[in-house]
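The structure appears below as structure tokens.
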Amino acid sequence: MRVYVMRRVLLIIPTVFLLSLIVFFMVRFIPGSVVNMMLRGFDVVTEEDYAAVEHALGLDVPIPTQYGRWIGILPGTDGSFSGLFQGNLGDSLWTKTAVSDEIIGRWPITVELGLLGLIIGQLIALPTGVYSALRQNTWGDYVARSFAIICLAVPTMWLGTMIIVFPSIWWGYMPPIMYIPFTEDPIGNLKMVIVPAAILGMAMTGMTMRMTRTMMLEVLRQDYIRTAWAKGLKERVVVIRHALKNALIPVVTIVGMYVPTLIGGTVILEEIFCLPGMGRLLVNATADRDYPMISAIVLVMGIAIVFVNLAVDLTYAYLDPRLHYR
Amino acid sequence: MKKKFLWLVISWLMVAALVLASCGPAGQPGEQEEEEEEEEEEPAAGEPQYGGTLTMMHRITSSEPKTWDICDTQATSMYWMGPFAEKLTQGDVLGKGPRGTNESPFTLIGAEIAEGDLTGCLAESWEVTNDPPGYLYHIRPGVYWTGESVNPGVMERREYTAYDAEYHFNRFQASPVGTAKLGPYIKSYEALDKYTLQVTYDKWNCAMLWFYSYGWMANHQPREVVEAGVKDWKNQVGTGAFILEEYVPASQVTYRKNPDWWGTTTINGKEYDDIPFIDKLVYPIIPDVSTRIAALRTGKVDWAVDIHPKYEETLSSTCPDMMIEGFATAIPLSASYDAEYSPDYSQELINALMIGTDKQALIDTVLIKGVIGGWPLSSALGSSVYTQIEDLPAELQELYTYNPEKAKQMIIDIGFEGRTVPLIYSTEEEVPSEAAPLIADMWSKIGLDIELQPIDTALMLKYSQTGGYVGLRFTALAKNANKISRSLDSLRAVKQEPLYYDDYYQAEMDKIVGERDVAKRTAMLKEIAIYVIGHGGVAALAEPFMLNCWWPWIKNYYGETECGYYNYNWLHSTLWLDQDLKAEMGF
């Protein structure tokens, strides 16, 4: 197992290298550059204007040279090496602040939103899926399955907007619009985050609940479960100790598939609920063509996703001891 | 078993409590602070109250400050710097606005304030000089850099002088864009003494005043802040009515009152020198429009500019006490072409498009509020410079009349029948995005095959700045109306614009920008604007209006949208909040 984990960790290196190449070059081929954005508001832009700003940003050198500087194998304009290899993600072309500082500032919000969403989603989906399987074809099962379909069908963007709009009309209420850090005021922070986290959780609930139900139904029909019933074990013991663990393996896969969304795909909810998270940072950076920011965020997200996938794979081994990784 | 059941119940109760707690009314920052206040005498009715926090959504509230350095020339960032970084001059909203002579309502967003409507800010007064040619500014004594920044020790409190102005302008003009914009015209900025600044022109251009005196790049920053790191918000120090207190990226910018500010105001005959009245000013950053409307509706935001008129009905019905006024945006919805890349497009095509557009239907269905016309000068600028449609020559009046049959024939006559014409618009512009399908339908009925091409802002800017597109650029951005001499001047310098190749226009603009007499220049602008309608290569369809919405607890405010380009200085510092009224109204 240790060897397996080491091998997976080492495989991250070529993965990250490939990812860095792809994201670095891709963003530079998007039509419309950061120079156009920076010269916004000027009716007349000459070639000299464009060249001057391009030079000031260090974008007037060939793209491979820019890449070399970014990863730290070529010296920058000041002659020093300062790139990924030196632990430097670069500076924002706009604010000139370190990209790492921006990411560190925004990451906790996204993680908090994602984690809460994950917890809420699983707290709803797992018990509901188990119940639905145990009480198959009863009214409870029908209600649970309908709820799952609703969760799958309702877009988070629409739901988020409805939750903002209608309470403001009916009750004159809306969640806080100005960010309150958890360390400053935990209750205030939770007031901001709980609603979008619940919406995010609901988005995951549908698929997870249905998969849990399906797998539980399959597992509950196994011989060893029949043996457990025959032994006279209580329902709770049969379900939790014997059935659930085996049923959870595909469920863990689904949860693993959602994690990339939680890491970087919550931009719509962040925009609706005014949460300054990673999703908004990435979208704004893309709109502003802030190349170092885009590259760094995608790279960091990619690394996070790789590690999460590793964690998901290792979870299988915990759930099913028959699995051995070499 | 019972114990486990008990724990399960307790944990569900805790979750329920958490959910219920989150459903309660949320507090605003600052509301939770409890201060013991001495009992004070209640101010008389109508007399300003001190205190409170004004939360305002200005025009760029959907995106955050991109830079804190004026030399990065990001117009939108100047909104965020305006409360603390002042300019030489600004619009005379107190004297010339609705609370004064009402000569100018100051309800034209981003308009070039006419020279006669200017008043001093960092400069107390100024005069035109002929030898050397330029302007002589008399700097206001008693204006101080606060010395207060989030990062300690950036600078000490000290007086603002002409040397600060000299430093700022030279730094700006040395920047890449400053060199390009001001370099060809401004020879030097020189502090003759502590309170006198001479701006010497190399070549007179009336539009330069806008650039350095009151435009969006005219906010001053001191040497100490530049040396400490001008791009860091924590180093910012200004002379303005407010001090930058906090910037939470993607969330809000908070300013606190500058108790040492030089400004004064007179209300009901009484002079107040301890202004601003409010303690804090907050600009929230709210990207989603539904959230912005909800924030306004629930009183979390006291004042919002640039609300689309389609929300007027819902706001009026849910908030009957809210003050809502429409104003001209001076940014007409228009279609234009790149004369270099589409050489077969012509003014005749543009004329056909204008005649073939049901502009009233466009206003009724998409804009909700607007006027036909408004290009190249805004309809709100007044008769001294704007010509009403009914006063235009007959052949130009025709352009504003909907006649699809005539338009169809015009398309046939120029050989464009059945031709595919791309209609390029930015998905980030709300009005063109909504209008594009309607316009495409109208123009397809006059014989064109319109191909909608949505793009993003960066690409739209590229097309706007350097051309390179085939088809029609459909936008409510730039190349437009509102900046009188500056924008009309710029139309002659852009190779993509048809007017670049118009010798008459080039010659006339040379005369106009060199004319120092304001009245004469205004009359000349009025004439050339009429010429531009018929030769400018722009199908200006309608001038959208937007809404300015504010709650009645904002007092001593009369609906002005700005007091100069991206400048709310006098508005913020002279209004006050009737917090009792706000509480009575349940907010």
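Proximity to chain A involves both the backbone and the side chain of B/Ile285, based on heavy atoms less than 4.5 angstrom apart. Residue A/Thr161 touches chain B through its side chain alone, counting heavy-atom pairs closer than 4.5 Å. B/Val282 touches chain A through its side chain: at least one heavy atom from C-beta onward sits under 4.5 Å away, while N, CA, C and O do not. Contacts of A/Glu48 with chain B are absent, with no heavy-atom separation under 4.5 Å from either backbone or side chain. Residue contact with chain A, scored on non-hydrogen atoms closer than 4.5 Å, involves the backbone and the side chain of B/Ser290 alike.
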- [ ] Might you work through the side chain to side chain contact (heavy atoms under 4.5 Å, CB included) test for A/Ile164 and B/Asp288, ending with a clear yes or no?
- [x] CA-CA 10 Å; A/Ile164 288 287; B/Asp288 184 74; 5.8 Å; no
Task: Criterion side chain to side chain contact (heavy atoms under 4.5 Å, CB included) on B/Lys231 and A/Thr95, from CA distance to verdict - done: CA-CA 6 Å; B/Lys231 298 192 194 299; A/Thr95 61; over 6 Å; no
- [ ] Report the C-alpha distance between B/Lys66 and A/Asp288 in whole Å, list the side-chain angles of each, state the deciding distance to 0.1 Å, and finish with yes or no for side chain to side chain contact (heavy atoms under 4.5 Å, CB included).
- [x] CA-CA 9 Å; B/Lys66 295 204 188 328; A/Asp288 292 338; 3.2 Å; yes
- [ ] Test side chain to side chain contact (heavy atoms under 4.5 Å, CB included) on A/Thr97 and B/Asp232 and set out the steps.
- [x] CA-CA 8 Å; A/Thr97 53; B/Asp232 188 349; over 6 Å; no
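Distance check: B/Thr254 OG1 to A/Met178 CE gives 7.0 Å after rounding to the nearest 0.5 Å. With rounding to the nearest 0.5 Å, the separation of OG1 in B/Thr298 from CD1 in A/Ile177 is 7.0 Å. Taking CE from A/Met37 and CE from B/Met460, the interatomic distance works out to 12.5 Å, rounded to the nearest 0.5 Å.
Between A/Glu271 and B/Arg292, no side-chain nitrogen of the basic residue sits less than 4.0 Å from a carboxylate oxygen of the acidic one, so the salt-bridge criterion is not met. One finds a salt bridge joining A/Arg289 and B/Asp456 here, because a Lys/Arg side-chain nitrogen approaches an Asp/Glu carboxylate oxygen to under 4.0 Å.
The environment of B/Tyr500 atom OH is sparse: at most 12 non-hydrogen atoms of other residues, nucleotides or ligands sit within 6.0 angstrom. Within a 6.0 Å radius of CE in A/Met26, other residues, nucleotides and ligands contribute 12 heavy atoms or fewer. The neighbour count for B/Met585 CE, taken as heavy atoms of other residues, nucleotides or ligands under 6.0 Å away, is above 12. Other residues, nucleotides and ligands contribute only 12 or fewer heavy atoms inside 6.0 Å of the NZ atom of B/Lys234.
Checked by atom type and distance alone, the side chain of B/Thr291 pairs as donor or acceptor with a backbone atom of A/Ile272 at under 3.5 Å. Remark: side-chain polar atoms of B/Ser251 are paired, donor with acceptor, to backbone N or O of A/Tyr179 under 3.5 angstrom. At least one donor-acceptor pair under 3.5 Å links the side chain of B/Lys300 to the backbone N or O of A/Met174.
Ranked by heavy-atom pairs under 4.5 Å with chain A, the first of B/Val289, B/Leu459, B/Thr318 is B/Leu459. Most heavy-atom pairs under 4.5 Å with chain B: of the set A/Gly160, A/Pro276, A/Pro167, this distinction falls to A/Pro276. Among the candidates A/Val193, A/Leu275, A/Ile169, A/Val165, the residue making the largest number of heavy-atom pairs closer than 4.5 Å to chain B is A/Ile169. Interface remark: of the candidates B/Ser62, B/Gly229, B/Ala458, B/Ala458 forms the most heavy-atom pairs closer than 4.5 Å to chain A.
For the ring pair (Phe, Tyr, Trp, His ring centres under 6.0 Å) test, residues two or more places apart in sequence or in another chain that qualify with B/Tyr283 are B/His58, B/Trp80, B/Tyr255, B/His572. Listed by chain and residue number, nothing satisfies the ring pair (Phe, Tyr, Trp, His ring centres under 6.0 Å) test with A/Tyr50 (two or more places apart in sequence, or in another chain).
Between A/Ser33 and B/Lys462, the closest side-chain pair of non-hydrogen atoms is not below 4.5 Å.
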